[in-house]
Amino acid sequence: MKIRGGRSYVIIEVGKNEIRIDGELTITPAFYAEAESIKYWKTPKGLVSISEEEREQLILQIIEETKNAKVPILFDGYNA
């Protein structure tokens, strides 16, 4: 998983696919992501819809992989 982005979004790359997640970078520092913005994978063949189950798994994976990062990615309702 590779992550890049700006103040109002992150791009998550998984293999040749990527997804854009809207949110807000704070001075905490942390990125507060909007789960409902996760709708499509951008693939080499075009956009592919993300199912609710896939979104849930992706959110949990992102939280786990970024929890010890300089700028963790947080989702409302998913973090303790």
Side-chain angles (χ1 to χ4, degrees):
M1 181 180 291
K2 189 174 180 182
I3 302 170
R4 67 184 197 285
R7 295 184 54 83
S8 64
Y9 69 94
V10 291
I11 303 290
I12 308 286
E13 293 179 40
V14 179
K16 294 183 180 185
N17 300 333
E18 60 182 43
I19 188 164
R20 178 187 167 118
I21 304 173
D22 296 326
E24 182 177 351
L25 179 63
T26 65
I27 59 171
T28 307
F31 185 84
Y32 288 89
E34 299 172 6
E36 63 275 357
S37 71
I38 300 173
K39 297 178 182 175
Y40 302 98
W41 282 109
K42 181 179 175 186
T43 72
K45 295 183 178 185
L47 298 178
V48 176
S49 293
I50 293 178
S51 69
E52 186 65 35
E53 182 177 306
E54 189 176 15
R55 179 186 348 203
E56 296 291 321
Q57 291 173 350
L58 185 59
I59 289 170
L60 295 175
Q61 181 181 357
I62 292 168
I63 291 169
E64 182 63 29
E65 291 194 24
T66 66
K67 69 181 175 186
N68 295 317
K70 282 185 177 182
V71 181
I73 298 176
L74 308 173
F75 291 85
D76 238 4
Y78 291 90
N79 304 321

If you take all heavy atoms of Pro72 and Pro29, which pair is closest and at what distance?
-> CD-O, 3.5 Å

Spatial distance of atom CD1 (Ile50) from atom CG (Leu58) [nearest 0.5 Å] | 6.0 Å

Keeping the roles fixed (side chain from Ser51, backbone from Glu54), state whether a donor-acceptor pair exists under 3.5 Å.
-> yes

Rounded to the nearest 0.5 Å, how far does OH of Tyr78 lie from CD1 of Ile59?
-> 4.0 Å

Do you reckon Ile3 sits in the same ILVMFWY cluster as Phe31, going by side-chain contacts under 4.5 Å, direct or chained?
-> yes

Spacing of Lys67 atom NZ and Leu74 atom CG [to the nearest 0.5 Å] | 12.5 Å

Treating Ile, Leu, Val, Met, Phe, Trp and Tyr as nodes and any side-chain heavy-atom pair under 4.5 angstrom as an edge, say whether Ile73 and Tyr9 lie in one connected cluster.
-> no

Which of these passes side chain to side chain contact (heavy atoms under 4.5 Å, CB included) with Ile11: Lys42, Lys2, Glu18?
-> Glu18

Compute whether any side-chain donor of one residue and acceptor of the other, for Glu65 and Gln61, lie under 3.5 angstrom apart.
-> yes

Atom CD of Glu53: over 12 foreign heavy atoms under 6.0 Å | no

Separation between CG of Asn17 and CD1 of Ile12, rounded to the nearest 0.5 Å = 13.0 Å

Report the C-alpha separation of Tyr32 and Asp76 in whole Å, then their side-chain angles, then the decisive distance to 0.1 Å, and conclude whether the side-chain contact (heavy atoms from CB on, under 4.5 Å) test is met.
-> CA-CA 8 Å; Tyr32 288 89; Asp76 238 4; 5.9 Å; no

Closest non-hydrogen atom pair, Lys16 against Pro44 | O-CD, 3.7 Å

Validation row: Phe75, Ile38 side chains within 4.5 angstrom (heavy atoms) | yes

Between Tyr40 and Met1, is there a shared hydrophobic cluster once you connect ILVMFWY residues whose side-chain heavy atoms come closer than 4.5 Å?
-> no

Step by step, would you call Val10 with Ile62 a side-chain contact (heavy atoms from CB on, under 4.5 Å)?
-> CA-CA 11 Å; Val10 291; Ile62 292 168; over 6 Å; no

Identify the two heavy atoms, one from Asp22 and one from Ser37, that lie closest to each other, and give their separation to 0.1 Å.
-> N-OG, 2.9 Å

So, the side chain of Thr43 versus the backbone of Gly46: is there a donor-acceptor pair under 3.5 Å, distance only?
-> yes

